Amino acid sequence: MDNAFMTRAIQLSLDNVVRGQGGPFGAVIVKNGSIVAEGVNRVTATCDPTAHAEVVAIREICATLGVFELKDCELYSSCEPCPMCLGAIYWARLARVYFANLAADASKIGFDDSFILQQFTQPLSRRAIPMVQMMRDQALVAFRAWEERPNKIPY
């Protein structure tokens, strides 16, 4: 199956490598049959570990459209989204995601997220990065204030 949107995402990934600006990942977000946002991996270029192509594209379209929900948009990514990007995709509520390379393909060239996926299933006490809960009672004050706020914007 050939698709102009996926072709663009793949071209963005290749261009990013050629320019030496980041990893081999590109993404576009489409609304009503047109590309509204593009993103490439900018992790090393911006010293931002969250600057994956999908997240960059999501940030761009949300800023452009002034929205935080993308229910009527589709994402085309040059690679299967990592756990972080998948979380962002679900929070943004994209209608559909298309991808080219598999996570296994990315793993073969050094972009292996299987360790992160394994960490999700570990109890807090057994995770590689210690996770220590503290001051829950104090933090619950903000949650209660949110619950009681009559004009909150749910998301």
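All values below were derived from every heavy atom in this structure, side-chain atoms included, with hydrogens, water molecules and symmetry-related copies excluded. The structure displayed is predicted, hence computed values, not measured ones.
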### Query
In Å and rounded to the nearest 0.5 Å, what is the CG to OG distance from N101 to S77?
8.5 Å
### Message
Is it true that T50 and R42 share a donor-acceptor pair across their side chains at a distance under 3.5 Å?
### Response
no
#### Entry: L14, L12, D15, V56 screened by side chain to side chain contact (heavy atoms under 4.5 Å, CB included) with V40, the one that passes
L12
### Which residues share a ring pair (Phe, Tyr, Trp, His ring centres under 6.0 Å) with F111, sequence neighbours left out
F25
### Message
Just so I know, are the side chains of V30 and C73 near enough to count as touching, which here means a heavy-atom distance under 4.5 Å?
### Response
no
### Query
Can you tell if the side chain of V97 reaches within under 4.5 Å of the side chain of P81, non-hydrogen atoms only?
yes
### Query
Counting only N and O atoms by type, is there a donor-acceptor contact under 3.5 Å from the side chain of S78 to the main-chain atoms of G26?
yes
## Note on the structure
When rounded to the nearest 0.5 Å, the distance separating CG of N151 from CZ of R149 is 4.5 Å
### Closest heavy-atom pair and its distance - P83, D113
CD-OD2, 3.2 Å
### Query
Can you hop from V36 to Y76 via hydrophobic side chains spaced under 4.5 Å?
no
### Query
For the residue pair P130 and A128, what are the closest heavy atoms and their distance?
CD-O, 3.6 Å
### Summary
What one should report as the nearest heavy-atom pair of G23 and N41 is N-OD1, 3.1 Å
### Query
If you measure from CZ on R126 to CD on Q118, what distance do you get to the nearest 0.5 Å?
11.5 Å
#### Entry: Atom pair CD (E38) and CD (E60), whose distance is rounded to the nearest 0.5 Å
7.0 Å
### Message
Are the side chains of L75 and E54 in contact, using a 4.5 Å heavy-atom criterion?
### Response
yes
### Heavy-atom donor-acceptor pair, N16 side chain to S13 backbone, under 3.5 Å
no
### Summary
With sequence neighbours left out, the residues meeting side-chain hydrogen bond (donor to acceptor under 3.5 Å, both in side chains) with S114 are D112
### Distance in Å, I129 CD1 paired with Q122 CD, rounded so as to fall on 0.5 Å steps
13.0 Å
### Message
Measuring from atom CG of L70 to atom SG of C62, what distance do you get when rounded to the nearest 0.5 angstrom?
### Response
4.0 Å
### Task
Name all residues meeting the side-chain hydrogen bond (donor to acceptor under 3.5 Å, both in side chains) criterion together with R144; count only those two or more places apart in sequence or in a different chain, and write none if there are none.
none
### Query
Between K31 and D72, is there a salt bridge with N-O shorter than 4.0 Å?
yes
### Message
Any non-hydrogen side-chain atom of H52 less than 4.5 Å from a side-chain atom of V43?
### Response
yes
### Query
Does S107 use its side chain to pair, donor to acceptor, with the backbone of A103 at less than 3.5 Å?
no
### Query
Less than 4.5 Å apart, any side-chain heavy atom of L94 and any of I29?
yes
#### Entry: Atom CZ of F68 with >12 non-hydrogen neighbours under 6.0 angstrom
yes
### Query
Are Y98 and M6 close enough that some pair of their side-chain heavy atoms sits under 4.5 Å apart?
yes
### Query
W91 versus Y155: any side-chain heavy-atom pair under 4.5 Å?
yes
### Query
Is it true that V55 and I61 fall in one hydrophobic cluster, defined by side-chain heavy atoms closer than 4.5 Å?
no
### Message
Test of understanding: clusters of I, L, V, M, F, W, Y form through side-chain heavy atoms closer than 4.5 Å, transitively. Do I89 and F99 belong to the same one?
### Response
no
### Task
Check for a donor-acceptor pair, side chain of R127 on one end and backbone N or O of Q119 on the other, with a separation under 3.5 Å.
yes
### Query
If you look at every heavy atom in A57 and G39, which pair is closest and at what distance?
CB-N, 3.8 Å
